[in-house]
Amino acid sequence: MTDISILDLQNLRHLIGGYSTTHCKMQDYASQAKDPEVKQLFQQAADSAMKNKQELMKFL
C-alpha cells in the first residue's frame with residue numbers, strides 16, 4: 001500500500017466524521033418519523049452513510 005500523506009489523513013478524518021454524523025442524524029430522524037415511507041427514506045440514508053464510512057475506513 002502506498003503512503004498516505006498528512007493531508008490525505010485529515011481529509012479522510014473529515015469525511016469519516018461527516019458520514020458518522022449523518023448516520024446518527026438519519027437514525028434519529030428515522031426513529032422519530034411517523035410515516036413509514038419517510039422512516040424508510042431516513043433509514044436508507046443512514047445505511048448509506050454507514051456504508052460510505054466503512055468504505056473510507058479501509059484506507060486507514
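Side chains are part of it too, since the values below use all heavy atoms of this structure and drop only hydrogens, waters and symmetry mates. Position 1 is the first residue of the sequence; numbering continues from there.
Rounding to the nearest 0.5 Å gives a distance of 9.5 Å between CZ of F59 and CD1 of I16. From Q54, atom CD reaches atom NE2 of H23 across 8.5 Å, with rounding to the nearest 0.5 Å. Here the NZ atom belonging to K53 is positioned 13.0 Å from the CG atom belonging to L12, to the nearest 0.5 angstrom. The structure places OG of S20 at 9.0 Å from CE of M57, a figure rounded to the nearest 0.5 Å.
By the side chain to side chain contact (heavy atoms under 4.5 Å, CB included) test, L7 is found to be paired with S5, Q10, N11, residues two or more places apart in sequence or in another chain being considered.
Both Y19 and L60 sit in one connected hydrophobic cluster of ILVMFWY residues. Membership requires side-chain heavy atoms under 4.5 Å apart, directly or through other members. Hydrophobic cluster membership differs between M26 and L15, with clusters built from Ile, Leu, Val, Met, Phe, Trp and Tyr side chains linked at under 4.5 angstrom.
Grouping Ile, Leu, Val, Met, Phe, Trp and Tyr by side-chain contacts under 4.5 Å, direct or through others, leaves M50 on its own.
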Donor-acceptor pairs under 3.5 Å, side chain of residues 38-46 to any protein atom, not counting sequence neighbours: which ones?
from	atom 1	to	atom 2	distance (Å)
K39	NZ	A30	O	2.8
K39	NZ	A33	O	3.4
Q43	NE2	Q27	OE1	2.7
Q43	NE2	D47	OD1	3.0

Walk me through it: do K58 and E55 pass the test side chain to side chain contact (heavy atoms under 4.5 Å, CB included)?
-> CA-CA 6 Å; K58 293 177 183 177; E55 287 294 317; 3.1 Å; yes
Stepwise side chain to side chain contact (heavy atoms under 4.5 Å, CB included) test for D3 and D8 = CA-CA 10 Å; D3 291 337; D8 291 335; over 6 Å; no
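Q32 CD: more than 12 foreign heavy atoms inside a 6.0 Å radius.
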